[in-house]
Student: 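My questions will all concern the structure given below.
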Number of protein chains: 2
Amino acid sequence: MGKTHYHHGELRGALLDAAEELVREHGVVGWSLREASARVGVSSSAAYHHFASRDALVRALSGRVLARLGERMNSAAAQAAEPSADVRQGLVAAGRAYVRWALEDPAVARLAFGSGAHDPEATISPHPHDVLDAELDRLVEAGTLSAEARPGAEFVVWTAIHGLATLLADGLMILDSPEAADLQTERTLRAVLAGLTRETAPSQSWPAAHSAHTERRA
Amino acid sequence: MGKTHYHHGELRGALLDAAEELVREHGVVGWSLREASARVGVSSSAAYHHFASRDALVRALSGRVLARLGERMNSAAAQAAEPSADVRQGLVAAGRAYVRWALEDPAVARLAFGSGAHDPEATISPHPHDVLDAELDRLVEAGTLSAEARPGAEFVVWTAIHGLATLLADGLMILDSPEAADLQTERTLRAVLAGLTRETAPSQSWPAAHSAHTERRA
DNA sequence: AGCGCAATCTGAACACTGATTAGATTGGAG
DNA sequence: CTCCAATCTAATCAGTGTTCAGATTGCGCT
């Protein structure tokens, strides 16, 4: 609303906002850098002073939304952990946040999950994977998950939640309501948790998996 | 090799082949219709006599590769079912095929899983979802999976396999070798199967899920 | 205060894209 | 052998990502 300045001042953030809105409206590829620039009220070449390419803008946005997902999972888990008798509720709440997000904002979720989408430089914190990791530690502490089954369990749990989220975001699997998605998340997570302890023999070793974001830290 | 004909004769299939190769080389979006046409030795506008748009070509290709995945799962399951004592080996083999495919041909896998990628007209047969469905029926028959846990179990299993496949294809999760992927698939599937029976109380009802490809048939 | 510089933004340009159209070429049915 | 519908080409259009020379401005320095 203020008078139009030659210098925008917050162009980088404004471009990210515009791009996020465009992703929501037209998907990850259904818009142009010119469109985003115009929406912010700036020439298209101005964007190149803040992002090396259109792809760099998309990658930066991808990191931003993924970090937001991590925060949502964190607060959902914290809120559920307080009064509950069942220790698993924290993990289930984090999973629900993950899946709900994919269902309610599918285009943005596809962006965050998409290949090569993340900026190798950016540190995504808290990363969804780390949230699950922490919740699983609490389950072992409480005796709900066996210590033998703990190593690598995060990846099994992540796999389950991520599978449901992507199937829903990509429209390959259809549920009638958000509540149905919550129930499906619970069923899947409870099955995985129960099966992890049951199917892991003592001293059995499973392959070493890595998350791409921790890989980069090394 | 042969003399260049004005009429290509097999242009539709040749374009699909070229597009698949380009996806493998440059991802789903890193190539142009002109490039695919040139590779086949044809003008770019010729493609529009076989596909309404570039997107239609991509959708048709997506259906083709997804059906191929279904066939690979089917034959893997059939081969594993014969001599084995453990009935679960059929399902595990199908899952391995799914995950291996995503790991070995990630760009093509992303195409097949990608949103809106499938032609609503095309019937994908056998659909990966249906292969899992059939294998789960065999598990109930053999008494490995409880009948109470059977309804909707396909979606829990699909979720698990699909999650692992997409995490690997998108590079979010890293495993050191194809063998590690096989082991991870086994661990995940065994956990889910064990947990499904264990966590399903009699007469418990879970949400009704649908697969997009069966939805279309209705 | 004012000077100057580096950061920021503009406008024009380039090669390339998906898509459309009018017209050339051809195999095959009658 | 003729004609026609299917197939392919060449030319063209608006729109894209990206670059670059130059205009504009905030900010630190004296």
Side-chain angles (χ1 to χ4, degrees), chain A residues 1-62 107 111 114-119, chain B residues 1-62 107 111 114-119:
Chain A
M1 280 300 145
K3 48 156 75 148
T4 135
H5 287 47
Y6 192 90
H7 281 38
H8 185 285
E10 291 288 349
L11 186 50
R12 196 193 140 90
L15 280 172
L16 285 171
D17 291 343
E20 183 171 346
E21 201 56 40
L22 283 167
V23 166
R24 224 175 306 246
E25 292 172 19
H26 303 114
V28 183
V29 293
W31 54 276
S32 64
L33 214 166
R34 284 171 140 96
E35 218 171 329
S37 304
R39 206 169 268 215
V40 173
V42 115
S43 94
S44 74
S45 38
Y48 287 87
H49 290 265
H50 298 271
F51 302 97
S53 64
R54 194 204 110 115
D55 228 55
L57 165 60
V58 170
R59 274 198 304 270
L61 179 58
S62 170
L111 164 70
S115 136
H118 305 79
D119 194 346
Chain B
M1 286 289 156
K3 49 156 76 151
T4 137
H5 286 48
Y6 192 92
H7 281 39
H8 185 286
E10 291 288 348
L11 186 50
R12 195 191 141 92
L15 281 172
L16 285 171
D17 292 342
E20 183 171 345
E21 201 56 40
L22 283 167
V23 166
R24 229 177 302 258
E25 292 172 20
H26 304 114
V28 182
V29 294
W31 54 276
S32 64
L33 214 163
R34 284 167 139 97
E35 219 170 329
S37 303
R39 207 169 267 217
V40 172
V42 115
S43 93
S44 75
S45 38
Y48 287 88
H49 290 264
H50 299 271
F51 302 97
S53 65
R54 194 203 110 114
D55 228 56
L57 166 60
V58 170
R59 275 198 303 272
L61 178 58
S62 170
L111 164 70
S115 134
H118 304 79
D119 194 345

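Fair warning: this is a prediction, and the values are worked out from it, not measured in the lab.
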Student: Salt bridge (charged side-chain N to carboxylate O under 4.0 Å, His left out) with A:Arg39: which residues, sequence neighbours excluded?
Tutor: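 A:Arg39 satisfies salt bridge (charged side-chain N to carboxylate O under 4.0 Å, His left out) with A:Glu25 once adjacent residues are dropped.
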
Student: Identify the heavy atoms of A:Ser43 and A:Ser37 that sit nearest to each other, and give their distance.
Tutor: O-CB, 3.7 Å

Student: I need the minimum non-hydrogen distance between A:Tyr48 and A:Ser53, along with the two atoms involved.
Tutor: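 Nearest pair, atom of A:Tyr48 first, then A:Ser53: CE2-CA, 4.0 Å.
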
Student: For A:His8 and D:dG26, what is the distance between atoms NE2 and P respectively, to the nearest whole Å?
Tutor: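 Rounded to the whole Å, the gap is 14 Å.
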
Student: What heavy-atom pair brings B:Ala107 and B:Val28 nearest, and what distance separates the two atoms?
Tutor: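 Distance-wise, the nearest heavy atoms are O-CG2, 4.0 Å.
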
Student: Mind listing the closest non-hydrogen atom pair of A:Ala18 and A:Val40 along with its distance?
Tutor: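 The pair with the smallest heavy-atom distance is CB-CG2, 3.8 Å.
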
Student: So which atom in A:Leu33 and which in A:Ser44 form the shortest heavy-atom distance, rounded to 0.1 Å?
Tutor: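 Taking every non-hydrogen atom into account, CD2-O, 4.2 Å.
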
Student: Identify the 5'-most and 3'-most nucleotides of DNA chain C with at least one atom closer than 4.0 Å to a non-hydrogen atom of chain B.
Tutor: C:dT17 to C:dT26

Student: Roughly how far, to the nearest 0.5 Å, is the CG atom of B:Leu22 from the CG atom of B:Asp17?
Tutor: 11.0 Å

Student: List for me each residue that meets side-chain contact (heavy atoms from CB on, under 4.5 Å) alongside B:Arg24, sequence neighbours excluded, and say none if there are none.
Tutor: B:Glu20, B:Glu21, B:Asp105, B:Val108

Student: State the CG-CG distance between A:Leu57 and A:Leu15, to the nearest 0.5 angstrom.
Tutor: 6.5 Å

Student: Starting at CD of B:Glu10, measure out to NE2 of B:His50 and round the result to the nearest 0.5 Å.
Tutor: 9.5 Å

Student: Expected output is a numbered-order residue list: members of residues 30-39 of chain A with a heavy atom under 4.0 Å from any atom of DNA chain D. What is it?
Tutor: A:Ser32, A:Leu33, A:Arg34

Student: Please report, rounded to the nearest Å, how far the P atom of D:dT7 is from the CD atom of B:Glu10.
Tutor: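 That distance rounds to 11 Å.
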
Student: Identify the two heavy atoms, one from B:Leu11 and one from B:Ala46, that lie closest to each other, and give their separation to 0.1 Å.
Tutor: CD2-CB, 3.9 Å

Student: Pull out every protein N or O sitting under 3.5 Å from an N or O of nucleotides 23-25 of chain D, one pair per line with the distance.
Tutor:
from   : atom 1 : to     : atom 2 : distance (Å)
D:dA23 : N3     : A:Tyr6 : OH     : 3.1

Student: Below 4.0 angstrom, which residues in residues 42-50 of chain A have at least one non-hydrogen atom near DNA chain C?
Tutor: A:Val42, A:Ser43, A:Ser45, A:Ala46, A:His49, A:His50

Student: Begin from the C-alpha positions of B:Phe51 and B:Leu16 and carry the test side chain to side chain contact (heavy atoms under 4.5 Å, CB included) through to its verdict.
Tutor: CA-CA 10 Å; B:Phe51 302 97; B:Leu16 285 171; 4.0 Å; yes

Student: Let me know the distance between CZ of B:Arg54 and P of D:dT16, rounded to the nearest Å.
Tutor: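 The answer, rounded to whole Å, is 16 Å.
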
